[in-house]
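What you see is a predicted model; the values in this text were computed from it and never measured. Per chain, numbering begins at 1; letters A, B, ... match sequence-line order.
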Number of protein chains: 2
Amino acid sequence: MQAIGTKRSRQREKIYQVLKKTVAHPTAEWVYEQVRTQMPRVSLGTVYRNLHILTAQGKIQELDFGEGLHRYDATVNQHYHFVCEHCGIVMDLDVPPQQDLHDRVRDLVPGKVTGHRLDFFGVCTACLSKS
Amino acid sequence: MQAIGTKRSRQREKIYQVLKKTVAHPTAEWVYEQVRTQMPRVSLGTVYRNLHILTAQGKIQELDFGEGLHRYDATVNQHYHFVCEHCGIVMDLDVPPQQDLHDRVRDLVPGKVTGHRLDFFGVCTACLSKS
DNA sequence: ATACATGCAAATCATTTGCGCAGTC
DNA sequence: GACTGCGCAAATGATTTGCATGTAT
């Protein structure tokens with residue numbers, strides 16, 4: 001049988017460190033490029049596999065802003081994002097989790113509510129000044 | 001030059017009607033199947049092209065819940081969703097737009113905030129009773 | 001008549017997976 | 001040594017696109 005993620009690997013640790021060190025909410029491709037500078041033989045498949053393992057272990061989280069690709073984030077406590085629709089930069093927002101809203105929806109929905117996601121969209125200052 | 005979406009087409013109108021008639025937040029594939037029952041020669045490419053045109057015209061909206069595919073919705077006024085992580089069903093929530101939150105983030109973010117998205121996740125009653 | 005839209009098929013792009021070998025426990 | 005993880009390359013699946021033809025204005 002398969003017990004995924006039970007053995008450690010240098011690749012997985014490096015991938016996790018790369019994510020820990022950035023606030024940029026990078027894509028798998030970007031993580032791959034970073035890891036590759038120090039482990040030239042890593043494969044993109046390994047990066048994807050480990051990003052999934054780390055996500056399943058709750059050490060990182062997978063984000064999806066509807067761009068057609070995933071982003072990863074080593075900050076796993078509940079927080080919200082602001083996404084620039086011009087350059088794609090993603091920023092963490094210093095807004096507390098809306099527990100009241102969560103509770104309200106929990107009472108409203110026929111079923112179990114386990115979490116929510118809140119994303120804000122717009123244009124960042126850098127892109128505003130460029131146009 | 002190209003002026004996309006300026007001429008009407010039976011295909012586009014049918015696609016829009018299909019979306020208007022459902023509350024199921026369907027995928028492009030599902031829309032394709034529906035349209036096909038009445039227009040057997042439509043192509044999937046045409047469905048995709050028109051879904052984008054309708055989205056650009058603001059007549060429908062494209063949704064992305066991180067499932068690896070898009071869903072479409074003919075309800076374009078601001079509203080939030082509940083997604084069942086078991087069966088994937090998407091329900092509209094009867095929760096008013098959180099204008100206060102929006103304003104708060106607008107004042108907080110360095111840049112222009114144009115919109116936000118709020119999705120709740122969990123398990124619907126149908127799936128709960130099955131397990 | 002002009003130019004946008006379609007159908008078809010091939011192309012793209014992110015992501016996944018099968019396989020034989022390498023690394024960890 | 002047993003079993004998990006890796007690198008490589010091929011496969012997958014949603015979506016996009018080039019092109020010749022059809023259709024709306």
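Neither OP1 nor OP2 of dC8(C) sits under 4.0 Å from any side-chain N or O of Ser43(B). Proximity of Arg41(B) to the phosphate of dC8(C): a side-chain N or O atom is located under 4.0 Å from OP1 or OP2. Taking 4.0 angstrom as the limit, Tyr48(B) places none of its side-chain polar atoms (N or O) nearer than this to OP1 or OP2 of dT16(D). Residue His70(B) places at least one side-chain N or O closer than 4.0 Å to OP1 or OP2 of dT15(D). The shortest distance between the side-chain N/O atoms of Thr27(A) and the OP1/OP2 oxygens of dA14(C) is not below 4.0 Å.
Remark: P of dC4(C) and CD1 of Ile53(B) are 11 Å apart, rounded to the nearest angstrom. The CD atom of Gln11(B) sits 12 Å away from the C1' atom of dC4(C) (whole-angstrom rounding). Atom-to-atom, OH of Tyr32(B) to C1' of dT15(D) comes out at 14 Å; the value is rounded to the nearest Å. Taking atom CD of residue Gln57(B) and atom C1' of nucleotide dA5(C), one finds them 13 Å apart after rounding to whole Å. dA14(D) atom P lies 17 Å from atom CZ of Phe65(B), rounded to whole Å. Atom P of nucleotide dG7(D) and atom CG of Asn50(A) are separated by 9 Å, given to the nearest angstrom. Whole-Å rounding puts the Met39(A) CE to dA22(C) C1' distance at 12 Å. For the pair Leu63(A) CG and dA14(C) C1', the interatomic distance rounds to 16 Å; values are reported in whole Å.
A heavy-atom distance below 4.5 Å is not found between the side chains of Asp100(B) and Asp103(B). Considering only heavy atoms from C-beta on, Leu108(B) stays 4.5 Å or farther from Arg106(B) through its side chain.
In terms of position along DNA chain D, the nucleotide closest to Arg12(A) lies nearer the 5' end than the nucleotide closest to the other residue of the pair His52(B) and Arg12(A). Nearest-nucleotide positions on DNA chain D for Thr6(B) and Leu44(B) put Leu44(B) closer to the 5' end.
If you check distances only, the side chain of Arg49(A) does reach the base of dG7(D) with a donor-acceptor pair under 3.5 Å. Side-chain N/O atoms of Lys7(A) and base N/O atoms of dT4(D) include no donor-acceptor pair closer than 3.5 Å.
With no hydrogens or angles considered, a side-chain donor-acceptor pair links His81(A) and Asp92(A) at under 3.5 Å.
Aromatic rings from Tyr80(B) and His116(B) are positioned such that their centres are separated by under 6.0 Å.
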